[in-house]
Protein chains: 2
Amino acid sequence: MGLDERRIEAYFALTEAHSLLQLLMEEQLKRDGDISYLQFFLLARLAQAPEGRMRMTDLADTVIHSRSGLTYHATKLESAGLLRREPSPTDERSVTAVITDQGRGLLEQVLPGHIALVRQGMFDPLDDPQTEALADALTLVRNHLRAMVPTSAERRRS
Amino acid sequence: MGLDERRIEAYFALTEAHSLLQLLMEEQLKRDGDISYLQFFLLARLAQAPEGRMRMTDLADTVIHSRSGLTYHATKLESAGLLRREPSPTDERSVTAVITDQGRGLLEQVLPGHIALVRQGMFDPLDDPQTEALADALTLVRNHLRAMVPTSAERRRS
DNA sequence: TATTGTTATACTCTATAACTATA
DNA sequence: TATAGTTATAGAGTATAACAATA
C-alpha cells in the first residue's frame, strides 16, 4: 500500500490520543467553566492575539469552521458576555471579535485545571527528549497542514 | 503555571494538526465512499478485529462514544449493508457487530486515497528519525490515555 | 441487583445557500 | 464583481434517562 505499519500506527495513535484527550477536556471545561472545548479554543485564540482582537474570518480559519458556524458560536459567546463584536474602522464589511474582561476571567478560571490535565494526560508518560521530539514533529506537521488546507474564504469560492 | 511553553505549543499543535487532518479526511472519505470519518473508523476497527467481529460495548469504547451513539451509527451502517449485528451465543444480553463483505469492499475502495492523504498530510514534512520519534511518543501517550479514560460502562455507572 | 443494548427525546452543532452591505 | 458577515433552514450527531431482557 506504500505506507508502512509504523506510520499507520502513528496515524491511528494521533487520532485516538486526540479523541481521548478531548473527552477528558470536554468534561473538565464543562465542570470548571461550563464551556465547550471549541468555545474554549476560540477564547484562548482571541486571548493570545494582539489586544485580544481578531477578524471573524481569520478566527474562523484558526478553528476550521465555516463562517456561519463561527457566527453561531460568536453569538453564544457574546450572549454570555465573553466576547463582543465591533465593526472594523478600516473595512466596514469586517467585524472584529474582541475578548471581554469577563472572557479573560473565565479563561483564568478554567486554565489551571486544563493545564493540569494536559500535563497529566499528555506529558506524564514522556521524558524530556521524547517531549522535545514530539513538539518538533507536531509543529512541522501542523505547519505543513496549515499550508495544505484552504482557508474558509477559499473553500467558499469553490 | 507549571507547564512550559514548549509543552503548551506541542499540545496546541496536536489539536490543530488533528483538526486539519480530520477536515481533509472528511472530504476524502465523503468523496471516495460517501462515508463519515467516524463510520470509517468503526469499520476499520472492526476489520482489524479477529473475524471482523466485536461486542458493541467494546466497539463503543474504542471510538469513545456513548452506547446510544454507537447504536445510532450501527443502525446506519447496517442499513447500508456495511455491518450486521448478531446475538452473542455465550451472553444473550450482548450483541456482536460484524463487518460484512460489502463493508470490507468499501474499506478497500476508500483506503488508497485515505492512506495517500495520511502520507501527504502527516509524513511528508518528516524525515525517518522524526517519524520514528513521533510514532514512539504518540503510542506512549495513547496507551497512557487509554488507561486514564473510563470505559463506557464505567461512565454509565457514575 | 447489575449489565447489555435499544429507544425516545431534546438538544447542540454543522453546512448550504440566499441575503445584505461594503470594496 | 468580489468579499464580509449573517440568517434561515434542514440535517446530522450527541447525551440522558427510561426501558426490556438477560446474568
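Within every chain, numbering begins at 1; the chains are lettered A, B, ... in the order of the sequence lines, protein sequences first and strands thereafter. All values below were derived from every heavy atom in this structure, side-chain atoms included, with hydrogens, water molecules and symmetry-related copies excluded. This structure is a prediction, so every number in the text was calculated from the model and none was measured.
Each of B/R67 and A/T96 has a nearest nucleotide on DNA chain D; the 5'-most of these lies closest to A/T96. Heavy-atom distances to DNA chain C give each of A/L38 and A/E92 a nearest nucleotide, and the one nearer the 5′ end belongs to A/L38. Take the nearest nucleotide of DNA chain C for B/V95 and for B/L23: the residue whose nucleotide is more 5' is B/V95.
Salt bridge annotation for B/R84-B/E78: absent, with no cationic side-chain nitrogen under 4.0 angstrom from a carboxylate oxygen. Between B/R55 and B/D61 there is no salt bridge, since no side-chain N of the basic residue sits under 4.0 Å from a carboxylate O of the acidic one. Ion pairing between B/D91 and B/R93 holds under the 4.0 Å rule for side-chain N and carboxylate O.
For A/R85, the side-chain atoms get nearest to D/dT6 when compared with the rest of D/dA4, C/dT6, D/dT6. Set against C/dT7, D/dA4, C/dC13, the side chain of B/T71 has C/dT7 as its closest nucleotide. With D/dT16, D/dT14, C/dA17 as the choices, the nucleotide that has an atom nearest any side-chain atom of B/S68 turns out to be D/dT16.
Rounded to a whole Å, the CZ atom of B/R155 is 10 Å from the P atom of D/dT16. Atom P of nucleotide C/dC13 and atom CD1 of A/I35 are separated by 11 Å, given to the nearest angstrom. Distance B/Y37 OH to D/dT14 C1': 19 Å, rounded to the nearest Å. Remark: P of D/dA12 and OH of A/Y72 are 17 Å apart, rounded to the nearest angstrom. Rounded to whole angstrom, the span from the CD atom of A/E154 across to the P atom of D/dA2 amounts to 15 Å. If you take CG of B/D91 and P of C/dA2, they are 17 Å apart, rounded to a whole angstrom. If you measure from atom CD of B/E78 to atom P of C/dT7, you get 10 Å, rounded to the nearest angstrom. For the pair B/E26 CD and D/dA12 C1', the interatomic distance rounds to 11 Å; values are reported in whole Å.
An OP1 or OP2 oxygen of D/dA12 is reached within less than 4.0 angstrom by no side-chain nitrogen or oxygen of B/H73. One finds no side-chain N or O of A/R157 lying less than 4.0 angstrom from the OP1 or OP2 phosphate oxygen of D/dA2. The side chain of A/R93 contributes no N or O atom lying less than 4.0 Å from OP1 or OP2 of D/dA2.
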side-chain hydrogen bond (donor to acceptor under 3.5 Å, both in side chains) between B/H114 and A/Y11, worked out: CA-CA 11 Å; B/H114 195 73; A/Y11 163 56; 2.7 Å; yes
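For B/D101, the CG atom is loosely surrounded, since the number of other residues' heavy atoms within 6.0 Å does not exceed 12.
Among the protein residues, B/K76 comes within range of the sugar-phosphate backbone only, with heavy atoms under 4.0 Å from sugar or phosphate atoms but none that close to a base.
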